[in-house]
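Written below as structure tokens is the structure these notes are about.
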Amino acid sequence: MAEEEFTDINGNSISLDCQTHSAFCREFTVTAPKLSLRKVMIYTCFIWLFAYAVFFFTENTTVLSSAIILTLAGMMIHIHFVKVDHESLLIIGSLGVQLSSSYASGRESTIFIEMSKLKDIVINEAVYMHSIIYYLCILIKDPADPETVSSVVPLFQSSKPRLNCLVQVYRSCQEILAQSR
């Protein structure tokens, strides 16, 4: 399947790449737009100009030093813990599902869910900022009662793709789940 262009719930362009490794193994990668240098420059200039205005009236140099340090620390925290470059879902029919997130700093986060714990993969809906959005999630079986759901693991939390993208991933995942059951 070729890479296609989709949008997230905010209208920003994202891409979905689907790689079929075998009949029982597919990997979906949603790539978000890169960090906007324009936004970073605007926020930085605004904070530094505000700090300079405070410095002008108070003549306290710690205000300028604090603004520079807080801005740099804030950017580092944002890049390392918040800004996700891409998220991937690897589904292997006989083993389970692996969820990975790659952050702008290069840090990666990975979760693996065994197939025996997976009840289903569904598209759910939620109210978000005065609108209804759809998201893909994994339903985890309750160990005490396999017919009930103990928890829900949402997928693609950072990229928030629209329904047309989620439907494509959902159908492909359901094909693999149907073959493995």
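No side-chain heavy atom of Thr31 sits less than 4.5 Å from a side-chain heavy atom of Ile14. In this structure, Ser150 and Ile140 have side chains that are in contact, with non-hydrogen atoms separated by less than 4.5 Å. The shortest side-chain heavy-atom distance between Gln98 and Thr110 falls under the 4.5 Å cut-off. Side-chain contact between Leu155 and Tyr135 is absent, with no heavy-atom pair separated by less than 4.5 Å. Two residues are said to be in side-chain contact when any heavy atoms from C-beta on lie closer than 4.5 Å; Ile111 and Val153 fail this criterion. Residues Val169 and Phe156 form a side-chain contact, since some pair of their non-hydrogen atoms from C-beta on lies under 4.5 Å apart. Under the 4.5 Å side-chain criterion, counting only non-hydrogen atoms from C-beta, Met75 is in contact with Val40.
Listed here is the closest heavy atom pair of Ile9 and Pro161: CG2-O, 4.5 Å. Pro146 approaches Lys141 most closely through the heavy-atom pair O-CG, 3.8 Å. Closest approach of Tyr103 to Asp85, counting heavy atoms only: O-OD2, 3.9 Å. The minimum heavy-atom distance between Ile68 and Trp48, with the atom names listed, is CA-NE1, 3.7 Å. Taking each heavy atom of Val30 and Ser159 in turn, the nearest pair found is CG1-OG, 3.3 Å. Closest approach of Gln179 and Ala23 over heavy atoms only: OE1-O, 3.0 Å.
Taking hydrophobic clusters as Ile, Leu, Val, Met, Phe, Trp and Tyr residues chained together by side-chain heavy-atom distances below 4.5 Å, Ile79 shares a cluster with Leu72. Cluster membership for Ile138 and Leu177, using ILVMFWY side-chain heavy atoms within less than 4.5 angstrom, is shared. The hydrophobic cluster containing Met129 also contains Ile133, counting ILVMFWY residues as joined when their side-chain heavy atoms lie under 4.5 angstrom apart, directly or transitively. A chain of hydrophobic side-chain contacts below 4.5 Å, direct or via other Ile, Leu, Val, Met, Phe, Trp or Tyr residues, connects Tyr134 to Val167. The same ILVMFWY cluster, assembled from side-chain heavy atoms under 4.5 Å apart, contains both Ile113 and Ile123.
With sequence neighbours excluded, no residue forms a side-chain hydrogen bond (donor to acceptor under 3.5 Å, both in side chains) with Asn164. In this structure, Thr44 has no side-chain hydrogen bond (donor to acceptor under 3.5 Å, both in side chains) partners at least two apart in sequence or on a different chain. Annotation: side-chain contact (heavy atoms from CB on, under 4.5 Å) contacts of Leu49 (sequence neighbours excluded): none. Looking at residues two or more places apart in sequence or on another chain, you find a side-chain hydrogen bond (donor to acceptor under 3.5 Å, both in side chains) between Arg162 and Thr7. With sequence neighbours left out, the salt bridge (charged side-chain N to carboxylate O under 4.0 Å, His left out) criterion links Glu175 to Arg26.
Taking the six-membered ring where tryptophan is involved, the planes of Phe46 and Phe50 are essentially parallel, since the angle between them stays under 30° and well short of 60°.
In this structure, CG on Asp142 lies 11.0 Å from CD on Glu147, to the nearest 0.5 angstrom. Distance check, rounded to the nearest 0.5 Å: NZ of Lys160 to CG of Asn12 gives 11.0 Å. If you take OG on Ser66 and CD1 on Ile47, they are separated by 12.5 Å, rounding to the nearest 0.5 Å. With rounding to the nearest 0.5 angstrom, the CG atom of Leu16 is 7.5 Å from the CZ atom of Phe28. Here Phe56 contributes atom CZ and Thr58 contributes atom OG1; the two are 11.0 Å apart, rounded to the nearest 0.5 Å. Distance OG/Ser158 to CD/Glu87: 4.5 Å, rounded to 0.5 Å.
Checking each of Asp120, Ile121, Asn124 against Leu139 for a side chain to side chain contact (heavy atoms under 4.5 Å, CB included) leaves exactly one that passes, namely Asp120.
A donor-acceptor pair is defined here as one N or O able to donate and one able to accept, closer than 3.5 Å; such a pair exists between the side chain of Ser22 and the backbone of Phe24.
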Only pairs under 3.5 Å count here: list side-chain donor-acceptor contacts from residues 89-96, not counting sequence neighbours, and write none if there are none.
none

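Enclosure of atom NZ in Lys83 by more than 12 non-hydrogen atoms of other residues, nucleotides or ligands within 6.0 angstrom is indicated. Heavy-atom contacts from other residues, nucleotides or ligands closer than 6.0 Å to CZ of Phe112 number more than 12.
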